[in-house]
Amino acid sequence: MLFFKIIRQADLAPGAGIGGGRICEAWHRHVFAALKGFLEWDSRCFLRCAPPCRRPRQGQSSSTATSIKLEDAARYRSPQRRDFRLAFRRDFANLRGMDTSAAPLVSIRSLVKRFGGFTAVGGLSLEIPAACLFALLGPNGAGKTTTIKLLMGLLKPTEGSVTVCGMDAFHDSVAVKTRVGYLPDEPVFYDFMRGREIIRFCGEMRGLPVAVIEARSRELAERLQLASALEEFAENYSRGMKKKLGLICAMMHDPPLLILDEPTNGLDPHSTVVLHALMKETVAAGRTVFFSTHLLDQAEKLCDRVAIVRKGAIAAEGTLAELRQSFGAGRSLEELFFDLTDSVVA
Amino acid sequence: MHRPSPWRLLWLFARTAVRRFSNRFIFLRQKKAEARRKKLGLPEPDRTATAHRQQGFRAGSILVWLFMAYMMGAFVMTINSSFQSAMFGVLAERQPAPPAPAAAPGQPQGVEKPARRMGGNALERMNPATRRTGEKVTGLIMLTAGLGTLLFAIGVLSRHVSRPEPSLSWLFEFPVPRPVLFTSKLSECLFDGASLPLLSMLPGIVLFHSGHSFWSSAGWGLAFGVIIALAVAAVRIAVEVLLLQKVPRRRRGTIGGVCAAAGTLLMVIVLYGGGTPSLLRVLLAAADRLPDWFFWNPFCAGFGQALTTPGAQWLAAAAVTLGLCAGSVFFCARLTRFGLEPGLETVRGSPSASASQAARPLFTGLIGKEMLMLTRQRTVMVQVLLAPLIMVLMMYFQTSGRLAERTLGSAGAMASAIYGICAYMVLIASQVAMNTELRTLWLLLSLPRPLADSLRVKSRIWGAAAAAVAIILAVIAIIVRPDMAGGVLGRLPFLIILVAIIADLCVGMRTMGSSIISETTVHFRQWAAWLPLALSALAGQAVFTGDAWMLGVQVVLLGALNVSVWQKLNAELPFLTEPAEDPPPQLYLMHGLLAAYGYFALQAAAVSITAAVRRMPPPCLPPGDLALCSAIAAAVVAGLTFLLLTRKKVRILPEWSAPAGKSLALAAAGLAAACVIGFLWLSALEWMPLTAETIRHSRAALQGTSDIGSWLGLAALVCLVAPVCEEFIFRGLVYHGLRRTHSPAWSLLWSSLFFTAVHPVQSSVAVFALAAVNAFIMERTGRLTPCIAVHALYNGFVLWLQAAA
């Protein structure tokens, strides 16, 4: 059984070169492909296999959650892997399809995050609907990056909950990451890989076939004017080029939710315009883009909904029209921002 | 613009360097900080989980350092004694020693410490000219060792060979004179890692072994260590800055790797060749030709001549060292007068390469990334792949010396040498597991894959590479010595499996022992370096003896440990980037394994204490005493584990349990099955010629104890205490720790194999059957009582069989 699986996967591997009927001439390629299949079988199984769900045994009531949890966990080897496989199976057919449910994509309820005695985020509540361009504004130290890290499952909430696409962000983080593309503030890449190799690595880890990776990355790189630099080692890129590369990696698998931490920080005006156009197109296609920034004029031109954070809590939230209605008509976002944050460092 | 005076700057930098060193003893400073806080009335900070992230030593690390120092000291003393005897032989060829006087003038001192003064006496009895040549040869050996250390430090320890250190590029923006900057770098190199304490401990140990008093050897050792450390640091920063400024980035990694390999080669020559007469003769010839002033360098100064050296030589060595430091500081300053890394070309992909490489890369995904790292970061490749091959060549070109006998003498020795090389490869390779991923952890964490899986790929690659090297070396060994083919081939499958498990284990333990302080710093616990080394040494011993049972036991034990390490990592790695929360307490397989190993350690300790008390060697102790020791050890371990786990509120047994009638029925059925299998196995053992003797012997011993009291005591221990503790540890802890993440079948198999591995070989099949039956009962009923009952009754049945037959 495993043997056939290996051969089948070696067949699907790029560069295997198994032609029909020429086995004797290219036997070394088959051996090599089998070796490659053996070394990589776990990653392929991880992405493609999803074992069926199990029913509870007779004699044990289904309310004894412990036994069922043990069984499921035992089957899937770790809670994260179990969640990923279940989620992947559910969405495998329409991983890039639109999620048109009415439920909000991201729902943050009374989120509190404390580092010892210091409260970074205190009582944050937010709902991000689907197909929305959402901006998170706030002064330095307001908790924007901490909120984004909590969304990505890098931190565990002290109190409250963060739910992305119906799954808890920390406990089911692996399943969440199939649906999320992330760009950090300062992306750092491996210094031994070229740009196109990094893009290919990210695409392969997401389960995209090579043709799709190449087509999509070529299209994005041409739009962001990075195509000529992809041959260089990523270590030598300027800051803006690193951001662009990170953006390509985040957008390549067309996720329903894009999380960008200060995306235009470091980009020149041309690239900023291109990025804005890209973001608007993504939202028009039904995805959600959630980004944090402190460039108020760009946010004003661009976003549908805005949330202003101050000292770890939401000071105002809603569309621009709603904000103007509540806090005074005819004012720019900058004035609203200064009023709400008291123009004092949070 | 206000410019501080260079003396003030030097003072500031020196203070920073000393603080950087003393930060390692931060747990001592914390008491002082607390006292100061109380005095000033400041509020107490919250104790968060970040306490485990602090970068510094703790009491456990100090113990590990002391153990490491002891091991290195013992190793150095062995090397020194072999060196002394070889040296004496070579020098005696030159000039025969005068006959030793019957009563040496220093006899009272010699009587107190005879063993240690032997080497010194032998050389001192010789002609002064020969002795001087001997000291020169010692100096040359030390020079080679020092050069080896230096090259190793440049290749392995230098942090900014590939890119300038961020703090250096930041400091260059300040109006600080460059010589002051590089002096601070020098002091940082000096205090870096363990260089200073180690380098001062080793010469002190050798001097002490040669017969000098404790305080004088400590003092001279410290002086010598400081001189060597300063010289190494000076040359190291000079070479680092030279590489940074003058060598394109592409080539720096290769040079670093070559330096590391050359350093390893030199160290191997010194350590193993120092006891070889052939090498010593070469060094003698060199010592004759070299002028006297050559030996007044820091590395040769005063070693072995500490108390008889005229002060001038020490002064000269100190002067040379200070000159080296000043020279390297000004050399670095001159090299960087146009700034750091001026205008070296950025590495661009060549257009010709892109066409062929863009077509089809060899491997995809994580394995592709690891292969790119191997092929492009040549430091890693050279260190890991080249150094073991150099060691192989060294061993094969040695015609005399104890190492050749030990490695080539028998099939077992050859197999264990191959195993040693592969295990060394894997140990060194595992060091890069977390360090290369440090700054790009966000990329791995943004992928839809648990971090533990991404890191485990490395062990797969290194295991495959080590297995390939093992196969190649085995083929070479069989070609060179065809008479040992059988032994080597017989051990080869176990060797490959062991190496693969150890690769996994090393990467896992290294990851477990790392805690990320910041994006560029990781604090590494020392036990994670020494524990895999000790475990692989134990497995190497099994490879040497070639006993199939021992090899199987090692495979099972190391495999179980590996499974436990990765189970814990799978559960705890999501908390890696979370500084304020700890993973929730759960039952892991590791708790069960630690309990089992603790039981064996305690039992061994109890047996040796009993043997010392009764003044009998352990095999001759009466079985009642042995049983008592085991019982006490088991009770202590089981009780301690139970208390600890209950205090942490960890649930061991599942919450549901089957009804009593079903448990009883299952227990009865299980007992019947186990007793039947036990009876069959015992009969089979009696039939088989190999084991019939042992069975008869144990039966005679049992029937010989006619005393009812001791019989009852033995029966009680075997049937009451042992089952309870064993069932608690193996079925309660080990089985449920496995069951948390594995299916019932695998948990049953692994826990039964582990149980069999820790019992003697004669009872293997019966013990496996008992363990499997008990695991099955535990799975179906969720209670410990039926398992204890089955075990107790089974033990009683076997005892009755043995006694009544």
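Letters go in sequence order (proteins before strands), and every chain restarts at 1.
For chain A, the nearby part of Leu444(B) is the side chain; its heavy atoms alone come within less than 4.5 Å. Both the backbone and the side chain of Met193(A) have a heavy atom closer than 4.5 Å to some heavy atom of chain B.
Between Pro448(B) and Val176(A) there is no side-chain heavy-atom pair separated by less than 4.5 Å. For the pair Leu445(B) and Tyr182(A), the minimum side-chain heavy-atom distance is 4.5 Å or more. When side chains are defined from C-beta on, Arg439(B) does not count as touching Phe189(A), because their heavy atoms never get closer than 4.5 Å. Leu366(B) has its side chain within reach of Met205(A): a pair of non-hydrogen atoms, C-beta onward, lies under 4.5 Å apart. Side-chain contact check for Tyr190(A) versus Met373(B): every heavy-atom pair is 4.5 Å or farther apart.
Closest non-hydrogen pair, Pro574(B) versus Phe170(A), comes out as O-CE1, 3.7 Å.
Note: Leu443(B) leads Val457(B), Leu441(B), Leu443(B) in heavy-atom pairs under 4.5 Å with chain A. Heavy-atom pairs under 4.5 Å with chain B peak, among Gly181(A), Gly153(A), Cys202(A), Pro187(A), at Pro187(A). Per-residue counts of heavy-atom pairs under 4.5 Å with chain B were compared for Ile259(A), Leu155(A), Ile198(A); the largest is that of Leu155(A).
Contacts of Lys177(A) classified as salt bridge (charged side-chain N to carboxylate O under 4.0 Å, His left out), with partners at least two apart in sequence or in another chain: none.
No side-chain donor-acceptor contact under 3.5 Å links Thr440(B) to the backbone of Val188(A).
To the nearest 0.5 Å, atom NZ of residue Lys156(A) and atom OG1 of residue Thr577(B) are 12.5 Å apart. Atom CG in Leu372(B) sits 7.0 Å away from atom CZ in Phe192(A) (nearest 0.5 Å). Within the model, atoms CG of Leu154(A) and CZ of Phe575(B) stand 13.0 Å from one another, a figure rounded to the nearest 0.5 Å.
Ion pair Lys113(A)/Glu578(B) flagged as a salt bridge, since at least one NZ, NE, NH1 or NH2 atom sits closer than 4.0 Å to an Asp/Glu carboxylate oxygen.
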